[in-house]
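The structure under discussion appears below in the form of structure tokens.
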Amino acid sequence: MADQKQHLYLVDGSSYIFRAYHRLPPLTDPEGTPVGAVYGYTTMLWKLADDLDAADGPTHLAVILDKDSKSFRNDIYPEYKANRPEPPEDLRPQFPLIRDATRAFSLPCIEESGLEADDLIASYAREAQRQGWNVTIVSSDKDLMQLIGEVDGARIDMLDTMKSARIYIPEVEEKFGVPPELVGDVLALMGDSVDNIPGIYGIGPKTASKLVAEHGSLTAALDSAEDMKKSKLKERLLEHRGDAEMSRVLVTLKEDCDLPQSLDEMRIEKIPEEPLAAFLAKHGFTSLLKRLGTGSGSPERTNNLHPAAAEKAGDAGDVEGNSQPLPEMPALDRTAYETVQTVDRLREWAQRAIAARLVAVDTETSALDAMRADLVGVSLALGPNDACYIPLAHGGSDMFDEKPDLVDLGEALTILSPMLADASVTKVFQNGKYDLNVLARYGVEVSPIEDTMIVSFDLDAGRGQDGIGGGHGMDELSVRHLDHEPLAFKDVCGTGKKAIPFGQVPLSRATEYAAEDADVTWRLFQHLKPRLAIEGGTKVYERVDRPLIPVVAQMEREGIKVDRARLAKLSEEFAKEIGRLEGEIHELAGQEFSVGSPKQLGEILFDKLGYKGGKKGKSGQYSTDQSVLERLSGDGAPIANKVLEWRQLSKLKSTYTDALQQAINPDTGRVHTSYSLVGAQTGRLSSTDPNLQNIPIRTAIGRQIREAFVPESGNVLLAADYSQIELRLAAHMAEVDTLKEAFANREDIHSRTATEMFGEVTRDTRARAKTINFAILYGISRWGLAGRLEVEPDEAQDMIDTYFKRFPGIQRYIMETLETVRECGYSETLFGRKTWFPRIKSRNQAERQGSERAAINAPIQGTSADIIKRAMVRMLPALRDAELHDVRMLLQVHDELVFELPESDVESASKVIEQVMADAASPSVTLDVPLAVDIGTGKSWDAAH
DNA sequence: CGGATCACG
DNA sequence: GACGTACGTGATCCGA
């Protein structure tokens, strides 16, 4: 006993739970408390305890935790760890459970005010080493790597349980390029953004370790700067030497703390079964509980939480933040589906759906446009592999030898309708707005609904950028969450010229495809819906997005009337003018060319005509955009203005006057846009086919197109828009008293800004103030602002400084927002809508700064989106309560709603609309600024402004 | 199919 | 060690 080597394990509990939280799936225990990180922590302790009898296993073990956020380091440097935002909402309740778990294992849990876990670990490690013990620090914190090494045969090493990796001198040298005793020097140079240790600006891990390795120490590296040849690096080393020296102190571990418990108290031989059993039972860790009884060895591969969790928690794992482990569901089996071809079988399915209370539904149609598509079939799913397809309009091609037996479409809808309208049966869709619109056109009402696409959006908006795995389409969701690739539409119907309508797909194949979609939707719902509560998405889903689906569906079905003759006349006028301009442009160019080709135009302007200032972008092509042409025009190039006019007219013609005529639905005589509820990462809607959110308004010539948007006779159009909503929200969110006051007093906000910034309001200062206001909302840079205001970046920087000084909350808002996003990975609106920014920590500066600007804007733009969505949800009930049954909500353009209503209703409807919009934030959120709404009416959309 | 351009909030 | 600047969209055209 006496000569057995003692081996102390020191567990860095605080850092472990943060890592476990981010790497493990969001599990909850039977009471609904989030326990993902606790589970990871518990399995980690279990694993260590399993090694008790091993040759080099622990003889002594303790868990070290951080007690509070302040430490003696804050006295040296008040900003130390000042960037740390609050931990995520579903992690906070897990902190006390970590202590519970530790006590459950009957292990000492040590924490001390004013000391960080790292310092206690260092002090215990050194003390044990002095006594000749071996020490293993269970952590992956790079600061602790300074301690690694051997003194008189007693070694300190580290264990990263997540990577199952021992860390000793070679691993440290590989990571830092220097031995452990120089790690502190490297850290002092490179700094640490998480702990807010400054280091030297512009020096990262690579340069830091190179410098220290070359010169042998931090001091030597700093001293060497004098003799370096002139460079950025030299300047930085000289200028920020003080930062590095202070950082060196901050990263130094305090190795002589008073030890609150003696080493002997850390001795362990066996983990007593109680109270561990009680703890495991309480939190539903039943597989561990079972093992406790059997005393079996390595971790089991399943547990009652989720089969994937036990495995991934214990070792490295590659759990992604957004992948929920698979609940136990049988593998998907397309041969299990039923083709429903008789009334009896259909009744049976409808009955079972009602009994089940939850059914996934998918419709198959003949086209993608919900306002033109014919219903071809319906599929239902009641459970995994428990799905059917009800073909309703198949056949009509020579693919069928004889027409298949089908339930009559009208009869089928009669049988399904009561179930679809049954308030006690939840219908789950993937993009339900589409199905709702198709079914509504057949007179079928569907309620209540859930939507896996919207759930996914409310959980994961912004995850996976540049289209990499971030979408919310069914195929993507299925691969991401179910690890299953569904049959693709093109595999069933083909593509291009060889494509066939779905109604001509043989029934067996159609069933595989259609029933699978319902099955997948059902499975996705089981996966995604529970995550809402765990991850804090319930509010925005239940209060904003889910109720919005039928509202937007109805708006799409309403459509808006456009005056075809008027558009045709405009097209004709534009065409004539375009032709004339083209002739003049060719004449000025001295040759014919395609004016619409930026490439050819650039060559004409800068090569042939020899105008100065041509700049080629990375595609090797001259830029000929508006700003370039305007400059050329100012320099006396008559061709530039002609091209600008040509561009404006051909844009208006092709995008609007021609395209809108095409978009008129032959059945309704109106234009029906399609809104995407998941199109914009910030939570805004987007509009397609046609896009009615970018109809011209800024120029007189463009506004003519708005004149073609008209009401039915006897009606008017009413446009209601929020005035400066984003600036109001910025004033509220950044708590800028001056701005809040200005809004309360109904002042012109840009003028007020001009007064604050420049001391007087003129046309010029107001315009500049307006530009600056927007720059703030969009995440400012001196260069960006300089470009817009046509001033030097230095001057722009002065203005930014002045702005921050005059409106002191703004800078704090920006810093706090960015810190939160860096820590949590996402931003949040006032209503809890998350937008993820996976590139916020990118090493690529342009990429990172792009994310930062987007992250500054997202809470503001997103809150504005939440507010108008809430107004939309409440609008129709409010109008109905006011007996205004003929007011129809047609369009949404981010901060504007467009209605069509009888002239006689204008007065009373205006009041209701104004009220609903102005009050849309409450009661969930009480704003410090009023929301002002401007309302106009007229015989066209243009006239309504 | 990507880039350039330009329409909107 | 260089990079390249305002956020969020969608439609159209050109040209590889």
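Just so we're on the same page: letters track the sequence lines, and every chain starts at 1. Quick caveat, the model's predicted, so the values are computed rather than measured.
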A/Leu692 CG to B/dG9 C1', in whole Å, measures 14 Å

A/Ser864 side chain to A/Ile860 main-chain N or O, any donor-acceptor pair under 3.5 Å? no

Without decimals, in angstroms, what is the distance between A/Leu601 CG and B/dT5 P? 9 Å

Among all residues two or more places apart in sequence or in another chain, which pass the ring pair (Phe, Tyr, Trp, His ring centres under 6.0 Å) test with A/His215? none

Check: A/Gln845 side chain, C/dC3 base, donor-acceptor under 3.5 Å: yes

Pick the P atom in B/dA4 and in C/dT5, then give their distance to the nearest Å. 12 Å

Atom CD1 of A/Ile705 to atom P of B/dC6: distance rounded to whole Å? 16 Å

What contact category does A/Glu896 fall into here, base, sugar-phosphate, or nothing, at under 4.0 angstrom with non-hydrogen atoms? nothing

Identify, with sequence neighbours excluded, every residue that meets ring pair (Phe, Tyr, Trp, His ring centres under 6.0 Å) alongside A/Phe593. A/His586

For A/Thr207, report the nucleic acid contact type (base, sugar-phosphate, nothing); a contact means any heavy atom under 4.0 Å. nothing

Whichever of A/Ile780 and A/Asn844 has the more 5' nearest nucleotide on DNA chain C, that residue is A/Asn844

Could you list the residues that satisfy salt bridge (charged side-chain N to carboxylate O under 4.0 Å, His left out) with A/Glu828, not counting sequence neighbours? none

Mind checking ring pair (Phe, Tyr, Trp, His ring centres under 6.0 Å) for A/Phe743 and listing every partner two or more places apart, or none if nothing turns up? none

Residues at least two apart in sequence or cross-chain that pass salt bridge (charged side-chain N to carboxylate O under 4.0 Å, His left out) with A/Arg236, listed by chain then number, are none

Rounded to the nearest angstrom, tell me the gap between atom CG in A/Leu789 and atom C1' in C/dT5. 14 Å

Applying a 4.0 Å non-hydrogen cut-off, can you work out what A/Thr771 is touching in the nucleic acid: base, sugar-phosphate, or nothing? base

Indicate, with a heavy-atom threshold strictly under 4.0 Å, whether A/Ile697 touches base, sugar-phosphate, or nothing. sugar-phosphate

Does A/Tyr722 have any ring pair (Phe, Tyr, Trp, His ring centres under 6.0 Å) partners at least two apart in sequence or in another chain, and if so, which? none

Are more than 12 heavy atoms from other residues, nucleotides or ligands located less than 6.0 Å from atom CG of A/Leu368? no

At a cut-off of 3.5 Å, list every protein nitrogen or oxygen paired with a nitrogen or oxygen from nucleotides 1-3 of chain B, distance to 0.1 Å.
none

Separation of atom CD in A/Glu645 from atom C1' in B/dT5, rounded to whole Å: 17 Å

Is A/Glu852 paired with A/Arg822 through a side-chain N to carboxylate O contact shorter than 4.0 Å? yes

Please work out if A/Arg782 contacts a base, only the sugar-phosphate, or nothing of the nucleic acid, heavy-atom cut-off 4.0 Å. nothing

What integer distance in Å separates A/Gln648:CD from B/dA4:P? 23 Å

Rounded to the nearest angstrom, tell me the gap between atom CD in A/Glu630 and atom C1' in B/dT5. 13 Å

Round to a whole Å and report the spacing from CH2 of A/Trp646 to C1' of B/dC6. 12 Å

Once salt bridge (charged side-chain N to carboxylate O under 4.0 Å, His left out) is applied, do any residues pair with A/Lys569, and if so which ones, sequence neighbours excluded? A/Glu573

Show every side-chain hydrogen bond (donor to acceptor under 3.5 Å, both in side chains) that has at least one partner inside residues 592-604 of chain A, sequence neighbours left out. none

Taking B/dG3 as the reference, what is the distance to C/dG4 when you measure between their P atoms (whole Å, please)? 14 Å

Inter- and intrachain pairs under salt bridge (charged side-chain N to carboxylate O under 4.0 Å, His left out), touching residues 679-707 of chain A, at least two apart: A/Arg566-A/Glu707, A/Arg684-A/Glu726, A/Arg703-A/Asp942

Using a cut-off of 4.0 Å between protein heavy atoms and nucleotide atoms, how would you tag nucleotides 7-13 of chain C 5' to 3' with B, S and -? BBSBBSS

Enumerate, in order of first residue number, the stems that involve DNA chain C, defined as 3 or more consecutive Watson-Crick or G-U wobble pairs with both distances under 3.5 Å. B:1-9 with C:7-15

